[in-house]
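Because the structure is a prediction, the values reported are computed rather than measured. When a residue number appears, it is its place in the shown sequence, counting from 1.
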Amino acid sequence: MKIRNPLFYLLIVVVITLSACSDDKNAAKQSTANTESALEHAEKHTDPKYVCPMHPQIVRDKPGSCPICGMTLVQKEAEQSSDASGEAKILYYRHPHKPEITSDKPMKDEMGMDYVPIYDDGGGSAVKISPAVENNMGVRTAYVERSKLWRKIDTVGYVDFDENKISHIHIRSNGWIEKLVVQSEGERVKKGQLLFELYSPELVNAQDDYIQALRSGSPFLLNASRERLEALGISKKQIATIKKRRKTSQYVQVYAPQDGIVAKLKVREGMYITPNMEVMSLADLSSIWILAEVFESQANWVKAGQTADVKLSYVPGREWEGKVEYIYPSLNQQTRTLKVRLVFDNPDEVLKPNMFANVSIYGGAKKEVLIIPREALIRAGREERVILSVGKGRFKPRQVVVGIESGDWIEIRNGLMEGDKVVTSGQFLIDSEASLKASLKRMQSPTATEPKPKAKAVDHSQHQMGGDEAMQAKVPAQEQMKDEKAMQSKDHSQQQMIENKGMQGMDHSQQQMESRKQMKAVDTNQDKMEPAPTPIDIDQHEQQAMEKRLSGSGTIREILASEGKVKLSHGPIPELKWPEMTMFFRVNPAVSLDSFKPEDKVEFDLQRSDTGYVIRAMRKLTK
């Protein structure tokens with residue numbers, strides 16, 4: 001027992017020593033945990049790990065499938081950027097199910113779920129997409145190319161007779177149709193084929209005079225009588241037969257002057273006809289016309305002699321090639337289109353009158369222009385933009401100026417460079433996300449975006465709020481207004497309690513009316529606190545002063561008088577922070593462009609409008 005006691009005490013000392021070391025380690029770990037930033041701690045607990053590729057509001061902390069579309073959830077990658085201290089910046093917090101609802105501080109939704117933090121990726125309005133989501137969205141890209149762009153005009157037309165190959169059958173004397181060989185429209189006839197026989201007393205008398213001239217032997221009478229028969233429509237072959245037989249024919253035969261079909265037949269056998277009546281018309285279908293309609297904006301692309309192709313829906317896979325024969329001199333007043341006449345050979349007569357046809361007219365090539373696929377362009381009201389792929393899964397919108405459109409390609413005049421990569425599929429989803437991100441980023445506090453003085457930055461963010469941004473800022477603004485109303489309501493209640501002590505005899509209805517007046521005044525003051533949005537990032541007085549001095553100088557590169565536009569290479573405009581560049585301007589209708597020509601040196605004054613800056617005055621500069 002005496003031997004075991006020292007061992008027992010030694011064992012106790014060892015246990016106490018080990019416990020102290022363990023406590024030191026736990027304290028060190030706790031100290032390390034305490035040094036962890038609040039953002040890093042929030043990232044561990046609030047940043048979802050698995051998200052649906054098509055429904056980003058569906059987030060889970062473990063693998064699974066989307067309850068909406070059934071797609072497998074993909075792991076969300078960390079996309080935070082770091083500031084100088086290495087800590088990620090949280091721009092704002094977003095509602096887990098309603099992306100349009102945001103907050104500048106952590107909070108929970110109506111179901112108790114935490115708002116999702118959105119981190120600053122340093123890309124402005126750029127959007128970063130993981131490869132898995134990009135693949136599920138079916139994002140496709142294409143390069144901006146410098147190539148030749150044909151002025152191709154796609155339109156419709158209809159087949160018509162070639163009027164140069166139509167014969168109208170008339171008689172030159174009154175008479176009766178005794179025998180009608182052609183019975184209906186559409187019958188095919190050959191040149192020299194008998195059409196009908198005519199009895200005309202005038203033709204009989206002309207034959208008698210010719211026979212008497214033959215018997216008299218007088219050359220003068222012979223020539224006069226023969227010329228009379230020819231003038232009445234008797235063919236030389238028939239005159240030769242009369243001369244040979246020396247006998248009058250009671251019926252005169254009328255023959256087809258060409259091959260073709262009977263396009264019109266307006267008589268029947270036994271009818272009395274006169275010279276002003278059209279008996280029938282014959283048309284040759286070996287060549288046809290196609291009459292096409294061209295839009296007014298494309299009218300100057302069409303020239304006589306240009307190549308044209310025609311396709312018919314009922315003959316798939318076949319194409320006819322012809323040319324532009326004639327351009328009509330005036331536009332249709334109702335449709336504002338220009339009629340163009342095309343000529344096509346039709347040896348097998350597949351093209352029949354009044355058929356509809358798809359027409360393509362090639363109006364010449366525009367060389368060395370930047371082109372992109374048509375589906376890459378996003379038309380949004382008064383502006384046009386594309387989604388530019390900047391690499392590493394990042395995409396950002398870029399505003400562009402477009403030129404002519406031809407087929408599946410569009411000319412880009414400004415905004416892109418050769419070799420840039422644009423999105424051709426899935427760009428609308430990326431564009432909506434980029435717009436939302438840029439709008440919300442402009443509403444953040446100045447410390448998270450720009451190192452400017454606080455008061456000035458707040459004014460700047462307020463002026464930038466407008467349209468969609470104001471709607472997105474509605475929820476935080478409502479929360480702030482509720483807090484202010486609660487505070488003011490509390491002060492108002494305290495004041496009312498004090499006043500009630502000295503107004504015991506006042507009627508309750510009067511007190512209620514006074515309370516309503518004061519609450520209405522509070523609401524009015526709060527409404528006045530919200531600044532009205534302005535279209536640009538300056539106050540109204542600065543905007544008016546700036547518009548008075550907006551002017552610049554440059555060189556005219558192109559004049560589009562019909563569209564009221566000019567292309568200028570202008571120098572820097574400090575008031576607008578514009579560098580030296582070449583761009584199109586709209587011109588005020590009061591400015592006459594007739595006195596200007598390309599390469600003129602000009603000075604111009606600008607005026608802001610709903611569609612941008614418009615040239616309100618332009619003057620030539622003396623050399």
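Aromatic ring orientation, Phe604 versus Phe585: tilted (interplanar angle from 30° to 60°).
How far CZ of Arg586 is from CG of Leu560: 10.5 Å, rounded to the nearest 0.5 Å. To the nearest 0.5 angstrom, Met417 atom CE is 9.0 Å from Leu370 atom CG. Distance check, rounded to the nearest 0.5 Å: OG of Ser569 to CE of Met583 gives 11.0 Å. A distance of 6.0 Å separates CD in Glu603 from OG in Ser551, rounded to the nearest 0.5 Å. Atom CE of residue Met107 and atom CG of residue Asp109 lie 8.5 Å apart, to the nearest 0.5 angstrom. Taken from CZ in Arg394 to CG in Leu388, the straight-line distance is 13.5 Å, to the nearest 0.5 Å.
Ion pairing between Glu411 and Lys367 fails under the 4.0 Å rule for side-chain N and carboxylate O. Using a 4.0 Å cut-off between charged side-chain N and carboxylate O, Glu405 and Arg374 make a salt bridge.
With ring centers used as reference points, Tyr613 lies under 6.0 Å from Trp578.
Side-chain contact check for Leu73 versus Cys66: some heavy-atom pair is nearer than 4.5 Å. By the 4.5 Å heavy-atom criterion applied to side chains, Val422 and Val144 are counted as neighbours. At a threshold of 4.5 Å between non-hydrogen side-chain atoms, the residues Lys152 and Ser360 count as touching. Looking at heavy atoms from C-beta onward, Leu606 lies in side-chain contact with Ile573 at the 4.5 angstrom threshold. Between Leu149 and Ile404, the closest side-chain pair of non-hydrogen atoms falls below 4.5 Å. A 4.5 Å side-chain heavy-atom check between Lys366 and Lys148 finds every atom pair outside the cut-off. Contact annotation: the side chain of Leu593 approaches that of Val587 to within less than 4.5 Å [non-hydrogen atoms, C-beta and beyond]. Considering only heavy atoms from C-beta on, Arg60 comes within 4.5 Å of Pro67 through its side chain.
Between the side chain of Ser425 and the backbone N or O of Gly138 there is at least one donor-acceptor pair closer than 3.5 Å. Of the possible donor and acceptor atoms, one in the side chain of Arg398 sits under 3.5 Å from a partner among the backbone N and O of Gly415. With hydrogens and angles ignored, the 3.5 Å screen pairs a side-chain donor or acceptor of Thr424 with a backbone N or O of Arg140.
Between Arg379 and Ile410, the shortest heavy-atom contact is NH2-CD1, 4.0 Å. The two residues Asp114 and Lys108 have their closest heavy-atom pair at OD1-NZ, 2.5 Å.
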Would you check, one step at a time, whether the test side chain to side chain contact (heavy atoms under 4.5 Å, CB included) holds for Val402 with Leu377? CA-CA 9 Å; Val402 301; Leu377 185 67; 3.9 Å; yes

Where do Val386 and Leu416 land on the side chain to side chain contact (heavy atoms under 4.5 Å, CB included) test, with the steps shown first? CA-CA 9 Å; Val386 298; Leu416 294 176; 4.0 Å; yes

If you apply the rule side chain to side chain contact (heavy atoms under 4.5 Å, CB included), what do you find for Val602 with Leu568, and how did you get there? CA-CA 9 Å; Val602 296; Leu568 289 174; 4.0 Å; yes

Please report the C-alpha distance between Phe395 and Val423 in whole Å, then the side-chain angles of each, then the deciding distance to 0.1 Å, and finally whether the side chain to side chain contact (heavy atoms under 4.5 Å, CB included) criterion is met. CA-CA 9 Å; Phe395 304 88; Val423 180; 3.6 Å; yes

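Other residues, nucleotides and ligands contribute over 12 non-hydrogen atoms within 6.0 Å of the CZ atom of Arg413.
For Glu145, the side chain to side chain contact (heavy atoms under 4.5 Å, CB included) partners two or more places apart in sequence, or in a different chain, are Ile371.
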